[in-house]
Number of protein chains: 2
Amino acid sequence: MALYASSVEQALHCLLFLVDMTPEQTFSSNDLAELQGLSPSYVAKLFTQLKNAGLVIAVEGVGGGYQLARSAKDISVLDVVDGLEGGKPLFRCRDIRRNCALFRGSPPSWATRGLCSIHAVMLEAEQRMRQTLKENSLADLAQGVRRKAPQAYMAEVTTWFQSRKT
Amino acid sequence: MALYASSVEQALHCLLFLVDMTPEQTFSSNDLAELQGLSPSYVAKLFTQLKNAGLVIAVEGVGGGYQLARSAKDISVLDVVDGLEGGKPLFRCRDIRRNCALFRGSPPSWATRGLCSIHAVMLEAEQRMRQTLKENSLADLAQGVRRKAPQAYMAEVTTWFQSRKT
DNA sequence: GAGCACGTACTCGGATAGGTGTTGTCCGAGTGATGCCGG
DNA sequence: CCGGCATCACTCGGACAACACCTATCCGAGTACGTGCTC
């Protein structure tokens, strides 16, 4: 279990393959899933969400697939997370403070004015977390991968995708 | 929906009432729930978890209840969150990078060495979030409440709890 | 009047259902490529 | 040999189940308090 679902991880790994593409190149969700040992049906579902979020563009028909909707350096990890999780907050304040039995249904103004103290702390924590995710783009992540993986592997991946198009 | 369950909110609101207590004073989960319009059964369950996490001490029998296990300034929001959510991480890395089909089941060392780039970003975001939650103690939160609530209200709460003990 | 035993009411504690979200699967709609047929 | 058309394979897209977790509830175990009895 984790706060962010595993769909985030799967989507990010798939998206990294889309970073170094020519404008005409597309990758089918099926190929992306199979290359990484993921469920093709589920990856397809995830890419539908990414498309609705405006992060990728879908090209239909034979030989079609997905490509990034904009430059990889303009797509942050936060964009991906929010696109999949619907921008859900770290903490949802239900204003418990309003329901104190002593108020008898009509809370005084001092109890409802401003932000709940607990909520304020959570918002700050969330904001810092989101800031970090926002500062890291897909291009940054891909750069990290490129630094690790040998050139031969990158070429092999390209070949593999091309062989799939035939 | 939110990343943190509403149990966190309920528990924190309840715990704030335990901050200004004398060492002999205890609060039953039933009273704490009723005062705030929460489900008594569920709050009882939450306090069981808080007790297992070592944050509160249970006193059994008539007139018993809960009290903080240590000073309110030594209990952080993070302690409460982790006690309830079991310290679940922001992101669970399943090492998708190991499963690339091109590796045929035996990933090379460069693919498994070090931290997954995605995981690294998530860990940093998580660490910043947790740091914020760690910096805020129950005492800090209670201080914020005291600054808002009028003295009369605080006294009224005390009276309400005492009337429950008779 | 004092001490003791008992009953009671209140507390915690864990085992037990219902609702919701995530994960995973399946089949249908649409589209571009391909091969075939006719000119 | 060339152009048009039907077929087909591949892609996206949304509707459909299985599973797990969160929320909520209920009942049982244990304990301190209060009461009544006995000495």
Using the side-chain heavy atoms of A:Met1, tell me which of these nucleotides is nearest: C:dT11, D:dC21, D:dC12.
D:dC21

Could you work out, with salt bridge (Lys or Arg N to Asp or Glu O under 4.0 Å) as the rule, every residue matching A:Glu34, not counting sequence neighbours?
A:Arg164

Scan side-chain atoms only and decide if B:Arg146 and B:Gln143 contain a donor-acceptor pair under the 3.5 Å cut-off.
yes

Round to the nearest Å and state the distance from A:Glu9 atom CD to C:dT23 atom P.
11 Å

Taking salt bridge (Lys or Arg N to Asp or Glu O under 4.0 Å) as the test, write out the residues that go with A:Lys148, two or more places apart.
none

Give one of base, sugar-phosphate or nothing for B:Ser6, where a contact means two heavy atoms less than 4.0 Å apart.
sugar-phosphate

Are there any protein N/O atoms within less than 3.5 Å of an N/O atom in nucleotides 25-29 of chain C, and if so, which ones and at what distance?
unit_1	atom_1	unit_2	atom_2	d
C:dT25	OP2	A:Ser39	OG	2.6

Student check: side-chain heavy atoms of A:Ile118 and A:Ile96 closer than 4.5 Å:
no

Expressed in angstrom and rounded to an integer, what is the separation of A:Leu32 atom CG from D:dC10 atom C1'?
15 Å

Review item, side-chain donor-acceptor pairs of residues 35-46 of chain A, under 3.5 Å, at least two apart:
unit_1	atom_1	unit_2	atom_2	d
A:Gln36	NE2	A:Leu32	O	3.2
A:Ser39	OG	A:Tyr42	N	3.3

Hydrophobic cluster partners of B:Met1 (side-chain heavy atoms under 4.5 Å):
none

A:Asn30 or B:Val8: which one's nearest nucleotide on DNA chain D is closer to the 5' end?
A:Asn30

Please table the atom pairs, donor to acceptor, closer than 3.5 Å between any side-chain atom in residues 151-162 of chain B and protein atoms at least two apart or in another chain.
unit_1	atom_1	unit_2	atom_2	d
B:Thr158	OG1	B:Met154	O	3.1
B:Thr159	OG1	B:Ala155	O	2.9

Could you walk me through whether B:Val81 and B:Arg130 pass the side chain to side chain contact (heavy atoms under 4.5 Å, CB included) test, one step at a time?
CA-CA 10 Å; B:Val81 169; B:Arg130 292 173 68 87; over 6 Å; no

Suppose we screen for side chain to side chain contact (heavy atoms under 4.5 Å, CB included). Which residues come up paired with B:Thr132, at least two apart in sequence or across chains?
A:Glu124, A:Ala125, A:Arg128, B:Asn136

Near DNA chain D, which residues from residues 85-99 of chain A have a heavy atom under 4.0 Å away?
none

Apart from A:Val62 itself, which Ile, Leu, Val, Met, Phe, Trp or Tyr residues share its cluster (side-chain heavy atoms under 4.5 Å, direct or through members)?
none

Assign the ring pair B:Phe91 / B:His119 to parallel, tilted or perpendicular, where the plane angle (0 to 90°) is split at 30° and 60°.
tilted

Of the listed D:dC12, C:dG14, C:dC12, the closest approach to the B:Thr48 side chain comes from C:dG14

Partners of A:Asp95 by salt bridge (Lys or Arg N to Asp or Glu O under 4.0 Å), sequence neighbours excluded?
A:Arg97

Report the C-alpha separation of B:Met129 and B:Leu3 in whole Å, then their side-chain angles, then the decisive distance to 0.1 Å, and conclude whether the side chain to side chain contact (heavy atoms under 4.5 Å, CB included) test is met.
CA-CA 12 Å; B:Met129 175 187 74; B:Leu3 297 184; over 6 Å; no

Would you mind reading off the distance between A:Phe47 atom CZ and C:dT23 atom C1', rounded to a whole angstrom?
17 Å

Contacting residues from residues 54-71 of chain B, given that a heavy atom lies under 4.0 angstrom of DNA chain C
B:Ala58, B:Glu60, B:Gly61, B:Val62, B:Gly64, B:Gly65, B:Tyr66

Calculate the interatomic distance between B:Glu24 atom CD and D:dA32 atom P; express it in whole Å.
16 Å

When you measure from the side-chain N and O atoms of B:Ser7 to the phosphate of D:dT23, is any distance below 4.0 Å, counting only OP1 and OP2?
yes

Distance check: side-chain N/O of B:Ser29 vs OP1/OP2 of C:dC12, anything under 4.0 Å?
yes

Taking CZ from B:Arg164 and P from C:dC10, how many angstroms apart are they, rounded to a whole number?
10 Å

Rounded to the nearest Å, what distance is computed from the CG atom of residue B:Asp31 to the P atom of nucleotide C:dC10?
11 Å

Take B:Leu133 and B:Asp79 through the side chain to side chain contact (heavy atoms under 4.5 Å, CB included) test and state the conclusion after the steps.
CA-CA 8 Å; B:Leu133 297 181; B:Asp79 291 331; over 6 Å; no

To the nearest angstrom, how far is B:Gln10 atom CD from D:dT25 atom P?
10 Å

note: B:Gln49, atom CD; C:dG13, atom P; distance rounded to Å ~ 12 Å

Watson-Crick or G-U pairs under 3.5 Å in DNA chain D, rendered as dot-bracket with [ ] for crossing pairs and | for another strand:
|||||||||||||||||||||||||||||||||||||||

